[in-house]
Amino acid sequence: MEQYRRWYIGILLASVLCAACIVATNYFINPYEIYKVPSIVGINDRKLYSNPYLWKARRISEAKEDALFLGSSRTGRGLDPEHYFAISEQTAFNAGLSGATFKEQQAYLEYAIQSNPQLKEVFLGLDFEGFNEYSQAIPAFKESRLATTRLTNSDRLETLFTQTALLDSLRVVRASAVSSSAGGDLILSDGSNDEQFLID
Amino acid sequence: MTLGRFLYRYVYLPTNKSLLNRVFVPLGLRKYVKLRTSISLLLLFIVSGIWHGAGWTFIVFGLLNGLAMVAHRLWKKRGFKLRATNFADALKVLKGMFGMNGIILPVRLEDRLSYLPAGTWLKFSDFTMIDVHHALLYLLASFIIILCFKNSVQLLNNFKPKFIHLLFSFILLMYALLNLTKVSEFLYFNF
């Protein structure tokens, strides 16, 4: 019986420790930049912007900018918050989401109004495909995420304790170590695409 | 031997004995019979929850059912009695099990079997399984494993908890947990 007791304690301890390590790794490496953890150059400074529907929602509710750019990826590539600040002295965030139709944009607009009382202006990027009512549902778009200004439990689980998150953390560490892009389009922290990256 | 006796002898007794010797005695629960029964019930329902589909919702579903069963047992032990359960629901499940909700045949056969009266009892529709080729391969592999190797009850007779088993179980457990949120859930569409 002693053998079995040791076996149980062994597997319980190993699982709990391993799970804690995975959660801690994903939290501190913070591959999608949604937790308030410092970015250290060479370790976790190259983030992965593979899920803009998640991290842009988090940024909208936390950064509380004066202006918001909504639209599809055309908005993401075309409008520059830095330039907007230079001409208007108002801070802005580019919330362009690839593949978003007006249905998704409306949800993000309502979310921004609800979570950011300082919001003064919203720019809507008109887009022919935005009117396509037959476009397929986007799996990354979740209405439950926009129902609250806090991080939802399912997002917390998805970003801390899944195989995808763990592999993405490793990818971020590897990209940071050699100062390369972690993957996908290189997106700036203001939500717009990096022009230099587009030219390269 | 009837099916009931077969199940009792080859499934219930070994499981019960191994659960006692391998789980409850090492955990020091030998004397706590009521607690043991409750834990067994809970485990049973969690396992059947996972059997329904790989997803957190199914685990919670199993857990809730198990908790309800435990509560029901404790309630009954105290001398309270509950009204008989709903018959309509039981009938619905039984109908589903025996295919009384109708039969669905592949669309390919519609031309050849057009003389059959299609209606509520018989439908022609697309096959719900998408990857038939791989499914057949998995079936073949499963048959080989089932027919050519020892089953879990036979393995249990000579089982000794070794480090290699611990490592194997640990890797499987972590892999399964890390993939729980990603795996798509399935539901019975006929129930």
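Residue numbers begin at 1 in each chain, while the letters A, B, ... track the order of the sequences. Treat the numbers as computed from the prediction; the structure is a model and nothing was measured.
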### Spacing of SG belonging to A:Cys21 relative to CG belonging to A:Leu166, to within rounding of 0.5 Å
10.5 Å

### Task
Below 4.5 Å from any heavy atom of chain A, which atoms of B:Leu167 appear? Answer side chain, backbone, both or neither.
neither

#### Entry: Residue A:Ala19 versus chain B: region with a heavy atom under 4.5 Å
both

### Task
Starting at CD of A:Glu104, measure out to OH of A:Tyr111 and round the result to the nearest 0.5 Å.
16.0 Å

#### Entry: Contacting region of B:Leu173 [heavy-atom separation from chain A under 4.5 Å]
side chain

### Query
Among side-chain atoms of A:Ser39 and A:Asp45, is any donor-acceptor pair under 3.5 angstrom?
no

### Task
Check whether A:Tyr8 gets within reach of chain B through its side chain, its backbone, both or neither, counting any heavy atom under 4.5 Å.
side chain

### Choice from A:Glu158, A:Arg6, A:Arg5 maximising heavy atom contacts with chain B below 4.5 Å
A:Arg5

### Query
Side chain, backbone, both or neither: which part of B:Phe163 has a non-hydrogen atom closer than 4.5 Å to chain A?
neither

### Query
Would the A:Tyr84 and A:Phe123 ring centres measure less than 6.0 Å apart?
yes

#### Entry: chain B contact via A:Ile9 - side chain, backbone, both or neither, heavy atoms under 4.5 Å
neither

### Task
Can you measure from CZ (A:Phe69) to OG1 (A:Thr75) and round to the nearest 0.5 angstrom?
9.5 Å

### Query
With sequence neighbours left out, which residue pairs that include part of residues 51-65 of chain A fulfil the side chain to side chain donor-acceptor pair (under 3.5 Å) condition?
A:Arg58-A:Glu62, A:Glu65-A:Thr91

